[in-house]
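Proteins come first, then strands; the chains are lettered A, B, ... in the order of their sequence lines, and each starts at number 1.
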There are 4 protein chains.
Amino acid sequence: MAYKGTPSSIVEAAEELFAEQGFNETTVRQITNHAGVNLASINYHFGSKKGLIQAVAEKFLTPLCNSLERMLNDFQMQSAQEISLEDLLEILMRALLSVHHENLHALSVFMRLLELAYMKSQEELRSFLMQRYHSKLQPYIHLLRVNAAPMEEDEFFWRLHFLLGSITFTLSNFHTLSAIEKTEYHSDAEVEKIMHRMIPVLAAGLQARADKSYFCRI
Amino acid sequence: MAYKGTPSSIVEAAEELFAEQGFNETTVRQITNHAGVNLASINYHFGSKKGLIQAVAEKFLTPLCNSLERMLNDFQMQSAQEISLEDLLEILMRALLSVHHENLHALSVFMRLLELAYMKSQEELRSFLMQRYHSKLQPYIHLLRVNAAPMEEDEFFWRLHFLLGSITFTLSNFHTLSAIEKTEYHSDAEVEKIMHRMIPVLAAGLQARADKSYFCRI
Amino acid sequence: MAYKGTPSSIVEAAEELFAEQGFNETTVRQITNHAGVNLASINYHFGSKKGLIQAVAEKFLTPLCNSLERMLNDFQMQSAQEISLEDLLEILMRALLSVHHENLHALSVFMRLLELAYMKSQEELRSFLMQRYHSKLQPYIHLLRVNAAPMEEDEFFWRLHFLLGSITFTLSNFHTLSAIEKTEYHSDAEVEKIMHRMIPVLAAGLQARADKSYFCRI
Amino acid sequence: MAYKGTPSSIVEAAEELFAEQGFNETTVRQITNHAGVNLASINYHFGSKKGLIQAVAEKFLTPLCNSLERMLNDFQMQSAQEISLEDLLEILMRALLSVHHENLHALSVFMRLLELAYMKSQEELRSFLMQRYHSKLQPYIHLLRVNAAPMEEDEFFWRLHFLLGSITFTLSNFHTLSAIEKTEYHSDAEVEKIMHRMIPVLAAGLQARADKSYFCRI
DNA sequence: AATGAATGAGTATTCATTCAT
DNA sequence: CATGAATGAATACTCATTCAT
């Protein structure tokens, strides 16, 4: 394997460790040791640990948004029929998988990043991501909206985050979950298969009829 | 309000700070300052920070499991008809709400704890929780299984975690999410309402027909 | 010599090193090594290096202002005659010497502190000292003003700082200067003697008739 | 304005930053960024940061000494009368101002350099400057000596440094002092005017009759 | 039972300098 | 002649834990 240059080595080591341990739990020492580079190189090349995290974030988010956009266009050109909810989710999963080119860490760290962005103390990261990617994701989200069951705006907002929770939880902890599956059911999980399995579940969730009653059945 | 004693004060302060900032990001100094107790008392009463986290975990998990068990029994005694998936999920939400007695922190920290338990480096916490609560949760999970769509064991395992992801993500980030909802849709979220909204979505997900085809539609 | 306790040891070590090297040039490691205490004790007892510097500052400034005030009162009570400029400066020197009880470092570090306070980037320290001590020094400065030659307010402001320059330069570099004197003139300087020698020089400076002409003699 | 070449750009940037922040507080990165040159060029052209400081020192001290020498000769040729103390100090101020050609930084950094040279830990710089410039300054200092009040050698040594303290303090902190003057007295200080104001004060100080009594008046 | 003081190992970051090209 | 990349040593500061009392 060819030598990748210091910044690439750092990013790769960071992805792996971020995926396994999270961002705050990973120290710059661990990263530089794992990458076999000098302790100071993170600050030299990325300014700070935060800069490295943003670099990792952009490395995944930019191609993801591009994939999503392109696949959406391709589908709408090739197919005469209306796009279905399952198609949309399949497109999302494929876009995620195209990000997951080299190693599993990529997806895992990306999902951890989304989780981080929703933490109370991370408004800065959240608005950084929002400002950068919100508009690019808007067309996709709009298509989800029109294919979901009819519902109020705020209901859709929450359902979108129920769905996001499923995806981030599954993919950021995929390593642990597939290890449990292996010991309990002796079956090996591939990430592609699990993502495929998510599609009907998420689609059904978005299409479920909202229950107007409020805690009265029991 | 009566004085609660040092250990209780610590636990309460810890819940609040863990909920807001996460476990690693919260220092024992912050906890003891917030609780108005001596810095060393966490180690004195709980052995270590890790011990405090486990104490917090047990404080919620034990009553939760008990609630779940009791509500399940009550339902099966009172009602002649078969229990539905929506009923089961309603029971879960009510059990969670009964944990959420005093403040939102309780639920938030509990959900964060579950997330933590699935991290690669937290095998110790995971097996501690498993060993302690797995058997008590088994009857409830079995009922979910029989009310879900027919599927293989491993498929059910993954669906259960899709569902878990929705719940943990929504509740551990409830503060952030409801803040976003407020600025975007000018509507105030109550946690009860949002939990209620989750029920049909989760039920539909568990009942969705599995898709045997594998990435072939597009 | 009795053991002084960690905070005192730190302050003493800091005074010595600050006097010799300045504030920024002195590291917390040097201080704690020199004091024979743990590296973290500075942060434990003083919060930060800045906190230690302020503690050192207050240790000297408070007694200095009190000495000055008391000596001024004593003089005005005991003596029927008007106080002279030389008397005022003698009082200042004696107040400084009463601060210089234990070691030479005290005076030196105090003078370095004044120098620091006038640096462009130290507005915070400057305003901290101003707010805390300006009013207590006002009566003394007023007496200097009425005993100096008649002059405009702004002229007096600058003369006061010419004088301050003489004092701070001489006392903060006293160690170096007396070493030079020793090698060149084989005479030993005592700080008391040198401070006494400053009095007629400073007095003459304050009483000199201002020159209204502006760069015209040559 | 013509491009000055890398070394000149470095020296100019260094002057400005040294004047504002001091030597230790200014990093080579700041200097090279400000100068728009490569980070390594300071070490390339000046060997080290210390080498750059010495280069800055020589850039000012050599012309200063030359100015002083020339102006002294000019005065003695043109004027029949004996040179007065005020004349000598005026010559010094003019020599300093001729150094202060382009900007205030020059004077400020030069004064800071003198202060640095008297610090205990800077024997190297001190002896470098001494060895290089002491003999050239000797004639000027001798003239000060003969025009001052009669006094012992060592007394003159100290008075010279009282005077040096006034000059260095005023000029190295000129920025801060004139800012204070502006806010307090709403008058704008020009450095020429302030230097002129120093002359009668310093002259009076050198001519003051030494006080033989030793702390006995009060 | 409880605590104020202390501590060793750790954190991210900064620095002047070096070196291969 | 010049430079982008890299580096070892140092910086202030923080942490959970321990210990004598």
What is the distance, rounded to the nearest whole Å, between atom CG of A:Leu39 and atom P of E:dT13?
-> 10 Å
Taking only the side-chain nitrogens and oxygens of B:Asn38, find out if one of them lies under 4.0 Å from OP1 or OP2 of E:dG4.
-> yes
In a check of side-chain contact (heavy atoms from CB on, under 4.5 Å) between C:His34 and each of C:Leu17, C:Ile10, C:Thr26, which one passes?
-> C:Leu17
Please examine the side chains of A:Asn24 and B:Asn24, heavy atoms only from C-beta on, and report whether any two atoms are closer than 4.5 Å.
-> no
Would you kindly compare A:Val28 and D:Thr27 by the position of their nearest DNA chain E nucleotide and give the one closer to the 5′ end?
-> A:Val28
To the nearest angstrom, how far is D:Gln21 atom CD from E:dC15 atom C1'?
-> 14 Å
Determine whether the side chains of A:Gln21 and B:Ser121 contain a donor N or O and an acceptor N or O closer than 3.5 Å.
-> no
Rounding to 0.5 Å, atoms NE2 (C:His45) and OG (C:Ser8) come to a distance of 9.5 Å
Round to a whole Å and report the spacing from CG of A:Asn33 to C1' of F:dT7.
-> 14 Å
Quick one: on DNA chain F, does C:Phe23 or A:Pro7 contact a more 5' nucleotide (nearest heavy atom)?
-> A:Pro7
Over 12 foreign heavy atoms within 6.0 Å of CD, C:Glu58 = yes
Base, sugar-phosphate, or nothing: which does C:Thr26 touch, judged by heavy atoms less than 4.0 Å apart?
-> sugar-phosphate
Might you confirm whether atom CD of B:Glu25 has over 12 heavy atoms from other residues, nucleotides or ligands at distances under 6.0 Å?
-> yes
By ring-ring contact (aromatic ring centres under 6.0 Å, His included), C:Phe18 pairs with (sequence neighbours left out) C:Phe23
For residues C:Val109 and C:Val56, determine if any side-chain heavy atom of one lies less than 4.5 Å from a side-chain heavy atom of the other.
-> yes
What integer distance in Å separates B:Arg29:CZ from F:dT14:P?
-> 10 Å
Relative orientation of the end axes in the helix from E:dA2-F:dT21 to E:dT21-F:dA2, expressed as an angle to the nearest 10° (five pairs per end) = 30°
Sorted by number, residues from residues 40-50 of chain D placing a heavy atom under 4.0 Å from DNA chain E are D:Ala40, D:Asn43, D:Ser48, D:Lys49
With the side chain counted from C-beta on, respond yes when D:Phe46 and D:Pro7 share a heavy-atom pair under 4.5 Å apart, and no when they do not.
-> yes
Protein-nucleotide distance (C:Ile10, atom CD1; E:dA6, atom P), rounded to Å = 8 Å
On DNA chain F, check which nucleotide each of C:Gln30 and B:Asn24 is closest to and give me the residue with the more 5' one.
-> C:Gln30
